[in-house]
Amino acid sequence: MSIDQSTAAKVAKLARIKVDEEALPALAAEFNTILGFIEQLNEVDVEGVEPMVSVTPMRLKRRADGVTDGNQQAKVLSNAPDAREGFFAVPKVVE
Amino acid sequence: MLDLTFETPKPKTIAGAKHDWELVIGMEVHAQVASQAKLFSGASTAFGAEPNSNVSFVDAAMPGMLPVINEFCVEQAVRTGLGLKAEINLKSAFDRKNYFYPDLPQGYQISQLYQPIVGEGEVLVEMGDGTARRVRIERIHMEQDAGKSIHDMDPNMSFVDLNRTGVCLMEIVSRPDIRGPEEAAAYIAKLRQILRYLGTCDGNMQNGNLRADVNVSICRPGAYEKYQETQDFSHLGTRCEIKNMNSMRFIQAAIEYEARRQIAIVEAGGKVDQETRLYDPDKNETRSMRSKEEAHDYRYFPDPDLLPLEIEQAWVDDIAASLPELPDDKKARFIKDFGLTDYDASVLTAEVESAAYFEEVAKGRNGKLAANWVINELFGRLKKEDHDITDSPVSPVQLGGIIDLIASDAISGKIAKDLFEIVYTEGGDPAEIVEKRGMKQVTDTGAIEAALDEIIAANPAQVEKAKVNPKLAGWFVGQVMKATGGKANPKAVNDLVAAKLGL
């Protein structure tokens, strides 16, 4: 797989990262280096091998259904650049 | 099985300018899981709280916070799967669906794309005319809900409330087996009914606890059958997805509009673009959500914060053993055990609370009589005042008492209605009320005879007329009823009048 400039621009846009036009060739090249490195893994035959998701044999931790959190409106909003009447206030977004 | 007796309904056909067209519809229903706390945090799911008060740092996506799954939400998803006769996947996994929106602080939604918890199932959708559509369920997965953005509080700002962020949703995905707007509404209604029976979702559409994305495409007659034979989608038209609808009426209107829009495009030689659209109920039209198109590249990947979800068959079996009787079974049983009509059984089983109420009234009594009273008198009265069965002022014991009084001939049907009104508005024990207020039917023929004799003596002209024209006997019956305050047994009166007048 090879990443061209327009793909690099698209990835940047999806990630909401502003990349100048002139920086795109270098970015695309960097992506290709990374992907090339990872692609070496394709050489390993993993036919019939279960993907390993954890190095220790752990079971997904569960929680009982009870309200144990919340009621901290001020704390939740404390980092917001703008908050009004208990809401986060953000630049208008309308479909 | 009961459902084998159903015929398949005819698909809806829309006449275009050139040919007839059929509709093909698939739905993704988002049902909010009925739970106390959210899917991955301990914050409350309660509706209508102060903004941003039901928010944990997990929901607000503060750095370093980790999701811990709510076991009850998993149980509810499994219960729903079992209720839809679906296969349960003992191993499922969570993925991140990445997109940016102000009401999604994580920048991704935790969902189950690759390995959902529930696989294929089905819903039998009855159309009320003896036909029923079997709609296949493709999958059900669990995911987080997003927050709520409010756009009308300020001209330049949007306000965000994260109370709903992280609440557990079940996304119930159907195959494209629905063939018209009415079927789509009936499908939602049936799904809602099953979820409410199971207690896994309250089905409140107004609050957005049950909402649907509807995929609509059109095809020429005959093409759909080819799709069903081969499961090859190329026989069908290009679909458009209408997002986020929470009203049965709007769902039907949107499908109708969307189908006509697509027909117009295709008949004019154009091509339908696969896209996401939004229904505007004020204008009754759908319009493209272009902004969604670019963001459609969700770059899913397995969520590294969550191990796969592994559940045990024994646990699934326990849940299966605890399932309530479901609507189809309950309806079939009501028809069989109480001798009800299909229609009455449908009305009584529509809500689990109504069914329970009816069963308590009907227990040990005449099922049809009980059904009539519950549907015609009680439901009618409740509807008038916009009450639910759960806040009925008349208890099943009281209504049963009224029916017993009718069945034992203690009161007439007419008096029973007056009695019902008294019990409804004032309460009390029906038998006692009848006793105290002297509402008992007069079956004592002596008393009726005395009243009748008086009337006959006072109206010789009427007697002569009635002897010529027997239809006029009704006048005497009416007079006796009047004289006895409506308490005389109508059958006894009829018999006596006929005998006395020699008819």
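Just so we're on the same page: letters track the sequence lines, and every chain starts at 1.
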Exercise. Backbone N or O of B:Ser41 within a donor-acceptor pair of the A:Arg63 side chain at under 3.5 Å?
Worked result: yes
Problem set entry | Minimum-distance pair of heavy atoms, taken over all atoms of B:Ala37 and A:Gly66 | CB-O, 3.4 Å
For this session: Could you walk me through whether A:Arg84 and B:Met157 pass side chain to side chain contact (heavy atoms under 4.5 Å, CB included), step by step?
Result: CA-CA 10 Å; A:Arg84 298 178 199 181; B:Met157 310 293 274; 3.9 Å; yes
For this session: Starting at CE of B:Met62, measure out to NZ of A:Lys75 and round the result to the nearest 0.5 Å.
Result: 10.5 Å
Exercise. Hey, does the side chain of B:Ser44 reach the backbone of A:Val67 with a donor-acceptor pair shorter than 3.5 angstrom?
Worked result: no
Exercise. Between B:Pro102, B:Pro155, B:Gly42, which has the largest tally of heavy atom pairs under 4.5 Å with chain A?
Worked result: B:Gly42
Problem set entry | Under 4.5 Å from any heavy atom of chain A - which part of B:Asn70 | both
For this session: Take atom CD of A:Glu21 as the centre, draw a 6.0 Å sphere, and report whether it contains more than 12 heavy atoms from other residues, nucleotides or ligands.
Result: no
Exercise. Which residue pairs pass the ring pair (Phe, Tyr, Trp, His ring centres under 6.0 Å) test with at least one member in residues 42-91 of chain A, sequence neighbours excluded?
Worked result: A:Phe87-B:Phe159
Exercise. Should we say atom NZ of A:Lys92 is surrounded by more than 12 heavy atoms from elsewhere, each under 6.0 Å from it?
Worked result: yes
Problem set entry | NZ/B:Lys148: more than 12 non-hydrogen atoms of other groups inside 6.0 Å | no
Problem set entry | B:Asp154 versus chain A, the contacting section by heavy-atom distance below 4.5 Å | both
Exercise. Which of the residues A:Ala74, A:Ala83, A:Ser54, A:Gly70 is involved in the greatest number of heavy-atom pairs with chain B at under 4.5 angstrom?
Worked result: A:Gly70
Exercise. Do you know the tightest heavy-atom contact between A:Val76 and B:Ala60?
Worked result: CG1-CB, 4.4 Å
Exercise. Is there a side-chain contact between A:Gln73 and B:Val55 (heavy atoms, below 4.5 Å)?
Worked result: no
Exercise. Hey, does the side chain of A:Arg62 reach the backbone of B:Glu71 with a donor-acceptor pair shorter than 3.5 angstrom?
Worked result: no
Seminar exercise, completed: Cut-off 4.5 Å, heavy atoms of chain A, and the answer for B:Leu66 is neither
Seminar exercise, completed: Looking only at A:Lys61, A:Glu85, A:Gln72, the option with the highest number of non-hydrogen pairs under 4.5 Å against chain B is A:Gln72
Seminar exercise, completed: Exactly one of B:Ile311, B:Leu307, B:Val68 clears side-chain contact (heavy atoms from CB on, under 4.5 Å) with A:Leu60, and that residue is B:Leu307
Exercise. Non-hydrogen atoms of chain B under 4.5 Å away: do they reach the side chain of A:Ala64, the backbone, both or neither?
Worked result: backbone
Problem set entry | Test item: A:Asp65 and B:Glu75 side chains (from C-beta on) under 4.5 Å apart, heavy atoms | no
Seminar exercise, completed: CG of B:Asn54 to CG of A:Asn71, rounded to nearest 0.5 Å, is 6.5 Å
